[in-house]
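Everything on this sheet refers to the single structure shown next.
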Amino acid sequence: MIPLSWYLLLSAALFSLGVIGFLIKRNLITVFMSIELMLNGVNLSFVTFAHQWHLVKGQIFVFFVMVVAAAEAAVGLAIIIAIFRTRATLAVDRIDLMKL
Amino acid sequence: MSGHLYLWLIPALPFAGFLLNGIFGAKLPKSLVTTIALLAPLGSFALVVNAAATIFLYVSRCKLCGPPDYGWSILPLNELHGAWITSGRLQIDFSFVLDQLSLVMLLIITGVGFLIHIYSVGYMSEERGYWRYFAYLNLFLFFMTVLVLAGNALLMFVGWEGVGLASYLLIGFWFQKTPAADAGKKAFVVNRIGDFGFLIGIFLLLSTFGNLTFAEIGARLAADPAMQGGVVTAIALCLLVGATGKSAQLPLYVWLPDAMEGPTPVSALIHAATMVTAGVYMIARTHAIYDRSPFALSVVAIVGAATALFAATIALVQTDIKRVLAYSTVSQLGYMFLGCGVAAYSVGVFHLMTHAFFKALLFLAAGSVIHGLGGEQDLRRMGGLRKNMPITFWTMTIAVVAIAGIPPFAGFFSKDAILYAAYQEGAGGKILWFVGWLTAGLTAFYMFRLWYLAFLGESRADLHAEDEGALVHARSDTKLTLEAEHHHTPHESPWSMLGPLVILAVLSVIGGWVGAGRFGAFLAPSVGARTAEAASNTLEITLTALAVLIAVIGWFVAHRLYRNYAGEEPLARASFPYKLLTHKYWVDELYGTLIVKPILAVSRFVLEMLVDFAILGGIAWLLAGMASFGGALLQRWQSGNLRSYAAWLAAGAAALLLFALVPWTTVLADVGIHLNSAGH
Amino acid sequence: MNELNQTILTWILLVPIIGAVVIAILPDRGKLSAWLALITALVSFGLTLHLPTHFIVGQPGFQFEINKPWIDNPAIFYHVGVDGLSLWMVVLTGLLAPVGVLASWNPIRQRQKIFYSLFLVQQTAMFGVFVSLDLMVYYGFWELSLVPMAILIAMYGRKDGVKAAIKFFIFTFVPSAPLLVAIIWLYVRTGSFNFSDLQMLVANGSLPADALFWTALAFLFAFAVKVPVFPLHGWLADAFCEAPVALAMVIAGKLGLYSMLRFHVGLFPVQARAIAPLLIALTVIGILYGACVALVQRDFWRLIAFATLSHFSLTTLGIYGLNLTGRNGAIYQILNEGVIEGALFVLLGVLDTRYANSQIASFGGVASRLPRTATFFVITTLAMVGLPMLNGFVGEFLILSSTFMNVSRGWAVAATLTIILGAAYALWLVQRLFYGPQSQMTAATPAADLHLHEWVALVPLAVLMLVMGVAPSLWLRSIERSTAQPPSKQAIANPELFSNSQQETAR
Amino acid sequence: MNSADSLRILPEIILTLTGVLLMLVDASLSPAVTRRPLGWIAAFGTMFALWASIWQLSLGTGTGFFGAVETSPFTVFFHVLICGIVLVAILIALDSLPEESHHQGEYFALIVFGAVGMCLLTSAIELLVVFIALEISSISTYILAGYRKHNAQGPESGIKYFLLGSFATAFLLYGIALIFGATGTTQIYEIAEKVGGSQNHALVVMALMLMMVGMLFKVSAAPFHLWTPDVYEGAPSPVVALLSTAPKAGVFALLLRVTYEMLPALRSVWEPLLWAVAVGSMTIGNLAALRQQNVKRMLAYSSIAHAGYLLAAFAGMGPSGIAAASFYTAAYAAMNVGVFAVITVVSGYDDHLPLIRDFRGLLYRSPFLGILLIFFLISLVGIPFTGGFFGKFYAFSAAVGGGAVALAIIGLLNSGIAAAYYLRLAFAAAQRPADGDEPLRIALPQLGVAVGAALLFTTGTTLWLGIRPNAVLRAAEMAAHTLQVPAGEAPAAAVNQPGVSQSPQPHP
């Protein structure tokens, strides 16, 4: 049987990859996907812990996270469309009209 | 003694006059202003005379029924009018004291003061600020009588500063003229230097005696014969600083010549007869302290002698008639100081009195000359006035003779007494005597020089002096007011001016006849009798003869040099000394360079620019700059880039995890740092 | 009348606020606001006069006391009252209210409604500072007093009001941060904001000494900036240049000096004694420094600012001489300065309004054009330079003599130099402004002499200068004999302080 | 689930229904019809929710939905606060949203939905509900931040808020996951029980830190504050009024729960952390604000600083800290919403007067608005007799009471620095208009009824909190007491006492 800690490590790795993706990717969509990756990393942790504690609560949590992620995706994509309409770009680095 | 002398009314009347004229004067008719202005000093004078008469009557009545001097024990007479300042143990009262000394002073002040008021009616008649002038003059009398009547040092200080104020206002009476305004300010500020000394003296008195009442201080000193030198000397010297300021002695005399910018009657009253003698009065009043400090006394004597000689030399070459008299005043005040300095206070006061008569007369006569010449003050452009202004000429002559010290005029007696007293003061006294004696000669010389230049010879009114600037300056006195009558022949002054001249002339003749001895005896209860060894008659007669001799020599020299004066200054032949004297030893310039300019420069460049602006402002600027710089740095952080924000967020998260998970206390303990507690 | 004694202080605090609200509600039309403000100011002045007439001289402790709970936790009480120290401060503040309104009559033409409303709020704040006996209430009024002042400086500044206002605000607000911490700390340790309780608790030694040292220092620092004391005066000159005269006349001095007396020397006598030498040195430096720098100023507002620094330093010297006479002198001098500065600012305001200029060099010969202004100015100047028989002298004398006798002869002599320097800058100012031939500007600008309202403002002040100079006992009596006594322990520790009858009075 | 459970979330239900109603009505109205009445519906719905919150006091302290939500004086306090803020934000928006906009209905609906999330956040005692509530609130505000979608800055503001917000929420979520892993539960009381007194639970500490990242981000505390200025600048002023106060109030409530209720055992961890964050936030916020020329950015930095002041209260021990923080939240909300209300009126929905110098002469142009602006700024400075003063006073009193004297001194010195920039704006408003300026560069709009009411309400509250804070303070203390002791134990009885329900609330 695969030890629980492996799942946790994978979850942490996924989360970190999400973070790194957020930091290094230059396309808004990709950045946004990185967040999804982070959430999924967390989801994996929830499932792992649910398994460990033999509690269904963890899985339920995952469902909610997924629902919320879906809602976020809708809102996020809408905002990205608005960005594209006004700026005609999806490059993260060019969205820096407001600074200092 | 029955009856009340209403001493408080003596200052109160002039004060009422000041208030009435000062507040409503601009709207009152001129005649009413004159009435108020004259009634006030007249009333005061009458009160003083009444007081004197009452006392003398009482004394003479007592003589019939008791020991001869019993009657005088009613003096000093105290009048208390409540507390002025009270705080803790400190209480300063409005206390007026009438004794022989203040009685004499009051008679001089109100008497001469009244005469000069009358004179002013004529002299200032054309003046627009007529009411203002008399308001100030009344104010002066108020403060001067307060000064003289004051029963404690602080009340005396009130009068002391007050007369300074009146002097300031009157010197600057023609404030539209820059020199007048300057002179007024200078007088006040220089006097303040003296007042500083006086005030420190008062503090010392207060801390030594716990008290400022003259009688109390005298009693304390009398009770403690051991009190000598030390703090007493310090007090005496501090008071002396005050006296040198007010009485224009070295080194603070510089304001008095400039004060001649004021109207001439003011010069007569304030800057000759009364206010400037306040220093002498003060020393006489506090003689109990000076008596305990031989050192301070000798300083007084030296200051007096030095001033007398110093001012007399400057007076030799002055060409402005009023400046000659001004330096002469400084010089004569030096005599009075000399007299006080040899502990002959009564003699000093005696000279004060005679000087009040003849110097007031000199100034008033000079004023009459100036008035008659339409504002001309330059001796070089006078001459021959004897014919046009006979009364002025004769009264002036009496005054000149009196100040020169020729018997039997007033100045002779008092000056002679001072020189005699000085001579008796041991070896140093001989030097003092010699200086005084020399000064007497110089005095005779410059006074007769003035006399010759102004009254004898031919009129030089059309002579153009080489130094037009100085001339304009010298003429500026009544220029503004007398512009209308500027160009016409010299004329005699109205009787309102001549009357006082005549009265003062009479006083200048007979003022000294009472004699220093009898005067001294009268003043003895106030200022102490001088316990000099009975001097030989021959010595006295020799000294007198020498004094008269040098006066005559002075006259003779003046006669030789100035009888035929035609616009060329004979003294100018000695070129360096002449230059030195015409520039008054460059003392004003010296003070300007050594004191005024450094203070201003330090204030501007060190205090304002360096300390205030650079250092203090710099610190504030630096703090603000640091905050602003911090803000700028933080703004750079705010790059606007989403990914950098996220990076910082992630870094923050990492920092938090590090913060929480690394056992800092253990780690730090390992490297040798021990924290008492986690966190703060 | 007895009922009024119970509520008089509340009325004094409320009346200006009510006036401010009424002015704020009514339209800003013509001189309506000014008249309302004048009426309010006169009413509040009238109310303050109730205090000295019903004040019982010689009764220890506070009078007209009100003590009601305000906030439960922390326990803040609406606790007000006056003693000999604050009595005349309140009256002075009341007096300067109508003077301030009259001084603003001409210069303030725009947005009078805001001006007078805020002016009256300021009035309440100052009253509040003087009557509060609860530290939090006191602090509230202390801070509140900054606000209308700063806003009005910004609104009506002559050149760069905003900068001056910010400078003023920051300078006085930042030091009050440690003050607030100190007050909170005291509360945390003692559970009380009550002045008398704290006085007792501090005196009986139940608080740690080193912490008390810092607490006292925090108090002192806040007050010293407000006075201001020598190195902390950076805000003063700018504020004087920019503030409307009605506010400039109260901006410095009395709030800080009163607070020093009540809340530093009064609350922390031991700590005050420890720090007194430093303050004495600073104040003497301030006296001479202010006077010297005033000598070389080119703008008369700045000149007056440095002169003020000099004068308030002298007053502070009286406070930190820590003896009865110095204290009396200091309190009296606060009143004097209030009256003198009031008149001085009205007069300089007259010049500034008439000529729209404050550069001394531009003036000259004004006395020929405005003789009455010149007369009042000279009188005020003389009072300022401490001419005897005018009020300035009495305070100066008491302070300097007590310093000389009880503190240090050297410092006293140095401080006394101010009578020379003070005369120099003041008379030089008079001369340059008023005397001499008329300058180009003076001759070219038509200017009217004093208007009726200025006249009305100045005459009482001039009369007061004379009366306070001639009969100071009228004030000194209640100041000396009714100042709330600190607890006995301190009196034992320091018998010289606050004792008033060991030796017979001099006569 | 039963009706009693529903009552525990009655305000949320009311708000949700209002939101749904708004959406439906908006969709069914023709595009030509004005949407203003929708705003009034939203306002009345919020008021109803507010009333319901107060009414909840009569339920007594207790939980619902199997320990997922709680009603207690604490939740009521924050509910009332949030509903109040939302109400004012709606009122401001009512008069400032441009008439031609077709999205007004959405706008009000989003605000109301956001309010549901924020309210729920304060009453949630189950981390799942916390997460959902946070997301409800966030998603609404993401959209609102980018509401001016035709303006280049609007969407940028939205995307920044959205991406960074989601990023931070992921950390929070990870934290929740870890704590679930460590304790096997996500119910706050149960976690508290499980963690017990043990302090050396690395997983819990890590979880706490990750949750802190999410929460500190939402309250814009340093070093997670970077989004704040950009988002505030791009968002419409009425939204910023909401954004800078209501979600923060909710998250502060959560922070209080997490620290004082869930993990009091880890005080030694979170207290120094919050100490440092407080100092950092106030210093960074104030220093950065000093140089700002843009009013909204400046106020954004100011809100960072205020988060710092508020966090200072966490140095306070027990109830005093909680009460101080709660009170501060209320006071800050009142004055900050007020200041944004004024800015909205002056500068408009489209920010046509964005800079400080544009405000020059406001006091001359409009004395009423000018004096209100100055009043709110003065309150933000923390001058007595305003709410801001007592807020600061209680926060720093709590800190001094907790022994953190240095923190109090730093904080108050910071408020001195802060005075510099607040006053720059205040005094610019007070300054005489420059001679070259025409009297009104852009005519100020007439004050509408709604925004007038909003101004009146915020002014009144700020003043009331400054002069007579007793009632609110008592409410905050009561709230603090319920938080200190796990529910179901002592305070239930205490809160059910008669007399308590006589509205100790800040809002009428």
Side-chain angles (χ1 to χ4, degrees), chain A residues 4 8 11-12 15 18-19 22-23 28 31-32 34-50 52-55 57-58 60-65 67-69 71-87 90 92 94-100, chain D residues 126-129 131-132 134-136 138-140 142-143 145-167 169-187 210 229-234 288 291-294 296-297:
Chain A
L4 274 178
L8 289 179
S11 141
F15 189 87
V19 172
F22 194 107
L23 298 186
L28 274 178
V31 169
F32 179 56
S34 305
I35 292 176
E36 296 297 316
L37 193 58
M38 289 163 72
L39 290 181
N40 284 325
V42 179
N43 283 346
L44 186 55
S45 282
F46 268 118
V47 175
T48 314
F49 287 128
Q52 181 204 353
W53 292 104
H54 301 292
L55 278 172
K57 211 171 183 177
I60 295 172
F61 221 115
V62 172
F63 290 137
F64 274 102
V65 173
V67 170
V68 166
E72 272 195 353
V75 170
L77 288 174
I79 295 174
I80 290 172
I81 289 170
I83 287 275
F84 190 74
R85 276 193 184 154
T86 52
R87 298 285 185 79
L90 287 179
V92 175
R94 293 183 56 188
I95 308 174
D96 59 353
L97 210 60
M98 295 177 292
K99 55 183 155 191
L100 298 181
Chain D
E126 159 65 59
L127 291 177
L128 177 59
V129 182
F131 174 69
I132 293 168
L134 192 62
E135 283 298 315
I136 295 175
S138 297
I139 290 174
S140 314
Y142 297 154
I143 303 172
Y147 194 71
R148 290 186 301 185
K149 64 180 182 184
H150 300 300
N151 173 324
Q153 293 169 338
E156 181 177 330
S157 165
I159 196 78
K160 278 181 173 167
Y161 193 26
F162 167 67
L163 285 179
L164 291 169
S166 309
F167 191 58
T169 312
F171 283 93
L172 175 82
L173 194 62
Y174 202 14
I176 294 174
L178 291 185
I179 208 151
F180 173 61
T183 61
T185 176
T186 50
Q187 215 275 349
L210 288 172
D230 292 5
V231 172
Y232 284 13
E233 187 185 348
R291 292 170 58 90
Q292 281 305 323
Q293 298 302 326
N294 183 301
K296 275 160 76 187
R297 282 187 86 81

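Because the structure is a prediction, the values reported are computed rather than measured. Values below: every heavy atom of this structure, side chains too, minus hydrogens, waters and symmetry copies.
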TODO: Mind telling me whether A:F46 and D:F180 have parallel, tilted or perpendicular rings, with 30° and 60° as the class edges?
DONE: tilted
Heavy atoms of A:V68 and D:E135 approach each other most closely as CG1-CG, 3.2 Å
Nearest heavy-atom approach of D:I139 to A:A71 is CD1-CB, 3.9 Å
Of the listed A:I60, A:L39, A:V65, the one with the largest count of heavy-atom pairs under 4.5 Å with chain D is A:V65
Okay, D:I176 and chain A: the region with an atom under 4.5 Å from a heavy atom over there is both
Looking at D:E126 and A:K57, does any basic side-chain N land under 4.0 Å from a carboxylate oxygen?
yes
Bottom line for D:A182: the part with an atom under 4.5 Å from chain A's heavy atoms is backbone
Turns out that what part of D:N294 lies under 4.5 Å from chain A's heavy atoms comes down to neither
Honestly, the part of A:A12 sitting under 4.5 Å from a heavy atom of chain D is both
Okay, D:S140 and chain A: the region with an atom under 4.5 Å from a heavy atom over there is neither
Greatest number of non-hydrogen atom pairs under 4.5 angstrom with chain A, of D:P229, D:G234, D:G146, D:S166, falls to D:S166
If one checks every heavy atom of D:Q153 against chain A at 4.5 Å, the contacting part turns out to be both
If one checks every heavy atom of A:F32 against chain D at 4.5 Å, the contacting part turns out to be both
